[in-house]
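Read through the structure below, which is laid out as structure tokens, and then see the notes.
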2 protein chains.
Amino acid sequence: MRLSEKKITTALKRHGYKLTPQRRAVIGAIASSPDHLTPAALYQKVRQDHPTIGLATIYRTLEILAKLELICELHAGGSCRSYTIAAPGHHHHLICADCGEVIDFSGHYLTELEERLCRETGFEIEGHLLEFIGRCQSCQQNA
Amino acid sequence: MRLSEKKITTALKRHGYKLTPQRRAVIGAIASSPDHLTPAALYQKVRQDHPTIGLATIYRTLEILAKLELICELHAGGSCRSYTIAAPGHHHHLICADCGEVIDFSGHYLTELEERLCRETGFEIEGHLLEFIGRCQSCQQNA
DNA sequence: GCTACAAATGAAAAGAATTATCATTTATAT
DNA sequence: ATATAAATGATAATTCTTTTCATTTGTAGC
């Protein structure tokens, strides 16, 4: 079950944002698509009904919707990246949202889940990305 | 335990890549840093010892090392993003590396792990990112 | 050690993605 | 209806990454 357009517009108003035709169009386009859309793809889609909308408005609207957690962000390749030396064997990351500290932890928590996904979806799974975001102890104290 | 510089250079040669001073410098910089480094940060660091290195070489080297899985990539905010409407309650993604299809799945597989990480690291955990990468059935057939 | 040659490099340009600026328009509370 | 702050579109500016290309260099084979 996904959030309805109605709930999203209500939430926007509740947080003091104006309900403009452009925002309605962006929300409509996201809500009516089963796929994940990049900002550029969304721009194309919205322009079919709303040819004068600017790309900046798309970005601004996405920023608000993501902040309010009304839409969900997917990371898949591309630019937001940093690197560290690989550890043999699997590990995952725990990242501090304030200071950027990264703690690695290892383990095989996902094997069972991975097998189930294979069975149910027919995917051949190559890898996964597991990251926790939070706040480290010293950043908690500084806040 | 992390991969040693030695193992990385050996693996490079084994795959037919030349061992240039620039590549050594990049590998040395990554291997000697406990943190995750962005391409730009790495560039700064390498230039201390190797002032003439070009940023393109950093990118090229990172690309090779990541392809050989000698370094490990971290995604944390930033640009590589696409969006879909939020589902109430948690869900995760299964992404086809070939066609980009995304399947959402939900569940609470990580609660226990999250609690353990809290206890052991003192982090206050806000959220997480869990994505599986693989190949969907039709892309497996086309390959 | 020399040589040949493909591979790698640095510099610079090009391209892609995102954000900021600013004058104009508009949603909304009154 | 009106006033006002917020939002918009166009454009410029940034930032990040990739490409191009002439030059340099690592390495296999002698």
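Residue numbering restarts at 1 for every chain, and letters A, B, ... go by the order of the sequence lines.
Comparing A:Ala56 and B:Ala56 by the nucleotide of DNA chain C that holds the closest heavy atom to each, the one mapping nearer the 5' end is B:Ala56. Checking B:Gly54 against B:Lys18, the closest nucleotide of DNA chain C that is more toward the 5' end is the one next to B:Lys18.
Counting to the nearest Å, the C1' atom of D:dT25 and the CZ atom of B:Arg24 are 14 Å from each other. The OH atom of A:Tyr43 sits 14 Å away from the P atom of C:dA17 (whole-angstrom rounding). Rounded to an integer number of Å, the gap from CZ of A:Arg14 to P of C:dA27 is 22 Å. A straight line from CG of B:Leu55 to C1' of C:dA8 spans 16 Å, rounded to a whole angstrom. Rounded to whole Å, the distance from CD1 on A:Ile64 to P on C:dA27 is 15 Å. Regarding A:Ile53, its CD1 atom lies at a distance of 14 Å from the P atom of D:dA7, rounded to whole Å. B:His50 has its NE2 atom 15 Å from the C1' atom of C:dA11, to the nearest Å. Atom CZ in A:Arg23 sits roughly 9 Å away from atom C1' in D:dT8 (whole-Å rounding).
Using a 4.5 Å heavy-atom threshold, the side chains of B:Phe123 and B:Leu117 count as separate. Residues A:Glu124 and A:Cys118 form no side-chain contact, since every pair of their non-hydrogen atoms from C-beta on lies 4.5 Å or further apart. A 4.5 Å side-chain heavy-atom check between B:Cys136 and A:Thr121 finds every atom pair outside the cut-off.
Listed for the A:Thr57 side chain is no donor-acceptor partner under 3.5 Å among the backbone atoms of A:Ile53. In terms of modelled atom types and a separation under 3.5 Å, the side chain of A:Ser32 and the main chain of A:Gly28 share a donor-acceptor contact. Checked by atom type and distance alone, the side chain of A:Arg23 never pairs as donor or acceptor with a backbone atom of A:Thr61 at under 3.5 Å. Side-chain N or O atoms of B:Gln140 include one that pairs as donor or acceptor with a backbone N or O of B:Arg135 at under 3.5 Å. Counting only distance, with no hydrogens or angles, the side chain of B:Ser33 and the backbone of B:Ile30 share no donor-acceptor pair below 3.5 Å.
Residue A:Thr57 has a polar side-chain atom (N or O) positioned under 4.0 Å from OP1 or OP2 of D:dG9. Using a 4.0 Å cut-off, no side-chain N or O of A:Thr38 falls inside it from OP1 or OP2 of C:dA17. In this structure, A:Lys13 does not reach the C:dA27 phosphate: none of its side-chain N or O atoms is under 4.0 Å from OP1 or OP2. One finds no side-chain N or O of B:Tyr59 lying less than 4.0 angstrom from the OP1 or OP2 phosphate oxygen of D:dT18. One finds no side-chain N or O of B:Thr52 lying less than 4.0 angstrom from the OP1 or OP2 phosphate oxygen of C:dT9.
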Note to self: What does the 5'-to-3' dot-bracket notation of DNA chain C look like when only Watson-Crick and G-U wobble pairs under 3.5 Å count, and pairs to other strands show as |?
What the structure shows: ||||||||||||||||||||||||||||||
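Of the candidates C:dG10, D:dG9, D:dG26, the closest approach to any side-chain atom of A:Gln22 belongs to D:dG9.
Using a 4.0 Å heavy-atom criterion, one finds that A:Pro21 contacts the sugar-phosphate atoms exclusively.
Side-chain to base pairing of A:Arg60 with D:dG9: one donor and one acceptor N or O lie within less than 3.5 Å of each other.
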